[in-house]
Amino acid sequence: MAEIGKGVTAGKLALNVQKRLSRAQEKVLQKLGKADETRDTAFEELVTNFNKQMTEGSKLQRDLKAYLAAVKAMHDASRRLQDCLADMYEPDWFGKEELDALVEEMIEKELDNNLEDTDTLWLDYHQNLTDKSLLCMDTYLAQFPEIKARIAKRERKLVDFDSARHHFASLQKGKKKDEAKIAKPAALLEMAAPSWAQGLISAHQVAQTNLSYNQAEEELGRAQKIFEELNVELQDELPVLWDSRVGVYVGTFQSLAGHQEKFHREMSKLSQNLNDIMTKLEEQRQLKKDATAATRKDGAKSEEANHSASTTPAPKSSVTNGSDGELPPGFLYKVKAVHEYTATDNDELELKVGDAVLVLAFDNPDEQDDGWLLGVKESHWFQKKDISAKGVFPENFTQKV
């Protein structure tokens with residue numbers, strides 16, 4: 001006989017069709033109540049737990065995938081936001097270099113021991129969740145299809161076992177009836193066959209009955225063996241699988257929580273740095289605003305002084321201790337600190353709000369930086385009468401008096 005398909009002959013196909021028909025017939029008889037069904041309440045409970053476990057695990061897997069998709073979307077949004085900030089930050093704003101360095105780390109994905117950049121944090125966070133949580137769930141759920149197939153196979157073999165059991169039982173009943181019939185040969189046989197042939201006919205009928213009985217008994221034994229082997233394996237595996245769910249859930253959520261904590265801790269450092277830059281930018285804006293207002297005020301006073309000088313004679317200059325408002329010799333003019341300034345170098349003058357400073361001319365004008373003045377605090381000058389404590393300070397932190 002030619003093959004019907006690869007590895008499937010006509011004989012095997014016919015056998016499979018016969019098995020399906022027998023199972024269908026057995027199921028119908030069981031539902032109609034004409035054949036008893038083997039039930040295992042304990043195993044049914046194991047199957048219920050298995051189905052519940054598989055449903056919960058599949059839902060967790062779907063939710064983890066959705067969470068990872070959200071992380072990826074947040075990563076893309078964060079990158080676009082940082083790029084936008086870098087593009088619109090003007091060159092003369094505070095911390096331009098610092099901001100560029102920060103954004104460069106975010107874009108180029110460089111890792112620093114003390115401050116991981118944003119891009120790397122997002123990438124590491126996504127990858128760690130994938131490796132430690134999602135792949136763990138994938139591995140956990142990968143065993144369910146094979147076990148589910150074996151449970152379905154067990155159900156089929158149970159039907160085969162019930163069918164073989166019922167067939168064997170029916171042959172047992174039929175055998176007793178046949179033996180009774182053989183003991184009383186039919187009248188037709190007695191008349192049609194000679195007396196010497198009647199014994200052979202009876203023996204043949206007995207042999208046929210015994211053959212069918214033996215075949216049914218062997219089939220019952222095979223069906224029972226296959227079913228019990230599957231049943232024992234599943235009864236051992238299903239409870240172990242059921243208990244394993246706790247460890248899988250604990251590991252998955254512990255890993256998720258740990259990586260979330262690390263990600264948000266490191267991200268908070270970068271966020272704090274950005275917040276500091278924005279705070280200093282606002283301070284710079286306020287200082288410029290105050291300096292502009294002071295310049296306008298000084299301009300107005302200067303015009304008024306020039307006007308007064310042109311209409312009144314200049315007073316005679318005299319050197320005093322400064323109590324009358326006149327400057328000691330060698331000083332250009334006096335300023336008053338309107339903002340605190342913390343010195344960052346040895347040649348700088350530290351200021352507190354209200355400090356009066358006597359401004360000096362630079363020995364070498366080329367050494368003077370734009371926006372910086374040289375001076376000594378008025379209180380120091382009146383106490384010690386020396387300029388050794390002179391230092392430079394930002395002009396926009398003071399107001400001319």
Side-chain angles (χ1 to χ4, degrees), residues 89-99 273-401:
Y89 207 91
E90 298 180 9
D92 60 337
W93 288 359
F94 176 85
K96 173 62 178 173
E97 296 180 356
E98 291 85 342
L99 185 74
N273 287 346
L274 183 59
N275 182 65
D276 292 343
I277 291 175
M278 294 297 103
T279 300
K280 291 177 180 178
L281 175 60
E282 172 60 21
E283 292 176 355
Q284 181 195 46
R285 185 189 70 84
Q286 189 63 41
L287 287 175
K288 286 185 177 180
K289 181 179 178 181
D290 294 343
T292 302
T295 302
R296 290 175 180 174
K297 185 177 180 181
D298 290 343
K301 287 184 176 180
S302 178
E303 289 180 2
E304 183 180 352
N306 291 336
H307 178 71
S308 300
S310 63
T311 58
T312 59
K316 185 178 179 181
S317 175
S318 62
V319 178
T320 68
N321 60 1
S323 60
D324 59 356
E326 296 184 1
L327 292 174
F331 295 103
L332 301 177
Y333 54 89
K334 182 167 66 173
V335 296
K336 184 178 181 180
V338 294
H339 299 285
E340 290 189 4
Y341 177 74
T342 302
T344 59
D345 207 343
N346 293 332
D347 64 342
E348 293 183 2
L349 198 64
E350 186 162 321
L351 302 177
K352 295 186 179 299
V353 176
D355 284 351
V357 183
L358 302 175
V359 179
L360 292 163
F362 280 83
D363 296 335
N364 184 357
D366 293 336
E367 295 179 353
Q368 182 175 5
D369 295 327
D370 290 339
W372 288 81
L373 299 175
L374 177 66
V376 62
K377 288 186 179 180
E378 186 180 45
S379 59
H380 177 83
W381 167 256
F382 287 138
Q383 289 175 6
K384 299 188 177 181
K385 300 296 182 181
D386 70 78
I387 60 173
S388 60
K390 65 182 179 179
V392 296
F393 58 92
E395 181 178 6
N396 60 359
F397 277 61
T398 62
Q399 182 177 344
K400 194 173 181 181
V401 296

**Request:** Before giving the answer on side-chain hydrogen bond (donor to acceptor under 3.5 Å, both in side chains), spell out for S379 and Q383 the whole-Å C-alpha distance, their side-chain angles and the decisive distance to 0.1 Å.
**Result:** CA-CA 6 Å; S379 59; Q383 289 175 6; 5.3 Å; no
**Asked** If you draw a 6.0 Å radius around CG in N364, do more than 12 non-hydrogen atoms from other residues or ligands fall strictly inside?
**Response** yes
**Request:** To the nearest 0.5 Å, tell me how far H339 NE2 sits from L351 CG.
**Result:** 11.0 Å
**Message:** Among L358, D386, V357, which residue satisfies the side chain to side chain contact (heavy atoms under 4.5 Å, CB included) criterion with H380?
**Reply:** D386
**Message:** Quick check: do E378 and F331 have side-chain heavy atoms less than 4.5 Å from each other?
**Reply:** no
**Asked** How long is the span from the NZ atom in K390 to the CZ atom in F362, to the nearest 0.5 Å?
**Response** 9.0 Å
**Asked** Can you name the nearest heavy-atom pair linking K336 to V401, along with the distance?
**Response** CB-CG1, 3.8 Å
**Asked** What pair of heavy atoms forms the shortest contact from K334 to A356, and how long is it?
**Response** CD-CB, 4.1 Å
**Item:** Centroid-centroid distance, F397 to Y341, less than 6.0 Å
**Value:** yes
**Request:** Could you tell me which non-hydrogen atom of F393 sits nearest to which non-hydrogen atom of L374, and how far apart they are?
**Result:** CE2-C, 4.1 Å
**Message:** Which heavy atom of D355 sits nearest to which heavy atom of E350, and what is that distance?
**Reply:** OD2-O, 4.4 Å
**W372 versus E348, closest heavy-atom pair with distance** = CH2-OE2, 4.1 Å
